[in-house]
Amino acid sequence: MQKERKCWLGLVAILVSVSLSGPLNGQQSLPNDSLKNVFRGDFLIGTALNTRQINATDGSTDELIKQQFNAITAENAMKAQVIHPRWGQFDFDAADRFVAYGNRAGMYTVGHTLIWHSQLPAFVQAITQADSLRQFMELHIRTVAQRYTSSIDSWDVVNEALNEDGSWRESVFYNVLGEDYIIEAFRMAAEAAPKAKLYYNDFNIERPRKRAGAIRLIKKLQAAGVRIDGVGIQGHWHIGKIPLDDIEQSILEYSALGLEVAITELDLEVLPRNFQGADINRRMVANDPALNPYVNGLPDSVQQQLAADYGRLFRLFLKHREHISRVTFWGVNDGHSWLNHWPVRGRTNYPLVFDRDNRPKEAFFKIIDTKKAP
Ligand code: 9MR
């Protein structure tokens with residue numbers, strides 16, 4: 001009897017340890033908790049999908065996506081360079097597959113992004129005439145947004161229009177059309193996508209100076225009578241340096257303007273960096289191994305810091321849950337993150353809450369805990 005009890009206890013212990021530590025012999029075991037279920041009623045939990053994930057080529061990642069997330073954003077498939085490579089010639093292949101994925105899985109589907117200075121095809125960069133640029137914007141926004149009018153729930157209409165000091169970024173749109181290009185972009189999007197939420201999306205707009213610029217931009221749209229529904233704070237932050245007070249203040253100030261707030265591209269950098277943000281024109285040129293210290297694994301102290309920071313963030317998001325529509329991670333697992341390639345190529349980074357084998361990290365459990373003891 002004693003022996004039998006011990007045997008059962010042993011079996012239970014093995015099962016518990018397998019479920020906590022993840023796959024045995026490389027096999028996928030899904031976590032017991034699901035982020036989307038735990039935060040249901042608070043906000044959506046999203047992820048960005050790359051092409052392989054849109055094609056569901058990796059079964060275990062696909063299962064994890066469907067178990068954990070109820071919102072998806074196209075990481076690259078809807079950017080102008082991909083979808084509109086030459087004037088009037090569209091390539092909807094990847095974007096169609098992306099929205100089909102969202103439809104099949106019943107997920108909230110985010111279009112990213114209509115007007116952005118980056119990943120813009122060369123023919124647009126070369127435009128110098130206001131009329132031509134307006135024609136491009138009109139053709140691009142109408143064609144793309146109308147095509148997905150029944151499948152895209154929210155559009156990042158304009159992405160990253162501001163400099164760090166809150167002034168206008170000198171993109172081709174600003175240089176040729178002046179700051180009112182943003183009014184035109186939102187007006188066109190409102191006509192082409194009447195049912196979708198319309199967002200302005202940027203990084204570092206929780207910081208006071210850039211936030212002031214974003215507020216000017218939003219007020220400008222509102223004064224012109226065009227629709228804007230939300231602000232996307234991207235959320236590319238760095239462990240140990242999460243600007244919690246600025247984030248809280250931003251949530252309050254943006255929502256006071258009548259807007260929803262989404263955290264649209266969340267990841268927490270753990271590797272050395274000499275600047276913050278996500279301006280992809282900035283790179284650190286280096287082959288210094290000190291810049292890539294965790295090739296063989298993340299030290300426990302860093303893992304704990306990452307987890308604690310994710311916990312603090314989600315506690316803040318929960319506190320302001322009535323203003324927050326969605327929290328989207330920028331990638332599914334650490335192996336998929338753009339931060340392995342930027343601002344230094346070929347690093348081993350750990351910014352997300354699932355590891356390279358799709359196992360939940362300490363950060364995942366800390367996030368779930370915020371609901372248990374908010
Ligand atoms: O994650 C994206 C990466 O795969 C692309 O190479 C990169 C190039 O533009 O864009 C990344 O996503 C960016 C997003 O579209 C806008 N905000 C910053 C993101 C990280 O650079």
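All ligand and atom numbering here is 1-based and tracks the order in the structure. Remember, predicted model here, so these are calculated numbers, not experimental data.
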Next item on the list: Check whether the side chains of S250 and R211 place a donor and an acceptor atom closer than 3.5 Å, and report yes or no.
Entry: yes
Check: Which atoms from ligand 1 have a heavy atom of Q119 less than 4.0 Å away?
Finding: 8 (C), 9 (O), 10 (O)
Check: Listed by chain and number, what are the side chain to side chain donor-acceptor pair (under 3.5 Å) partners of R356, not counting sequence neighbours?
Finding: N340
Checklist line | Contact atoms of ligand 1, heavy-atom distance to Q234 under 4.0 Å | finding: 17 (N), 18 (C)
Notebook entry, point to check: Can you list the ligand 1 atoms lying under 4.0 Å from a non-hydrogen atom of N159?
Noted result: 16 (C)
Margin query: Quick test of your reading of the model: are D153 and K195 salt-bridged, counting only N-O distances below 4.0 Å?
Written below: no
Checklist line | H341 touching ligand 1 at heavy-atom level, < 4.0 angstrom | finding: no
Notebook entry, point to check: Non-hydrogen atoms of W342 versus ligand 1: any pair closer than 4.0 Å?
Noted result: no
Item checked: Stacked cation flag R326 on Y108, 6.0 angstrom / 45 deg -> no
Next item on the list: Taking only Lys NZ, Arg NE, NH1 and NH2, and the carboxylate oxygens of Asp or Glu, determine whether D180 and K220 approach each other closer than 4.0 Å.
Entry: yes
Notebook entry, point to check: By number and element, which atoms of ligand 1 are closer than 4.0 Å to a non-hydrogen atom of W338?
Noted result: 1 (O), 20 (C), 21 (O)
Margin query: What I want to find out is whether K197 reaches D229 closely enough, with some N-O distance under 4.0 Å, to be called a salt bridge.
Written below: no
Next item on the list: Run the contact test for W116 against ligand 1 with a 4.0 Å cut-off on heavy atoms, strictly below, and give the result.
Entry: yes
Next item on the list: Sort out for me which residue in K210, R169, R209 forms a salt bridge (charged side-chain N to carboxylate O under 4.0 Å, His left out) with E164.
Entry: K210
Check: Using heavy atoms and a threshold below 4.0 Å, how should the contact between N201 and ligand 1 be classified: side chain, backbone, both, or neither?
Finding: neither
Next item on the list: Using a 4.0 Å heavy-atom threshold (strictly under), name the region of W330 that reaches ligand 1: side chain, backbone, both or neither.
Entry: side chain
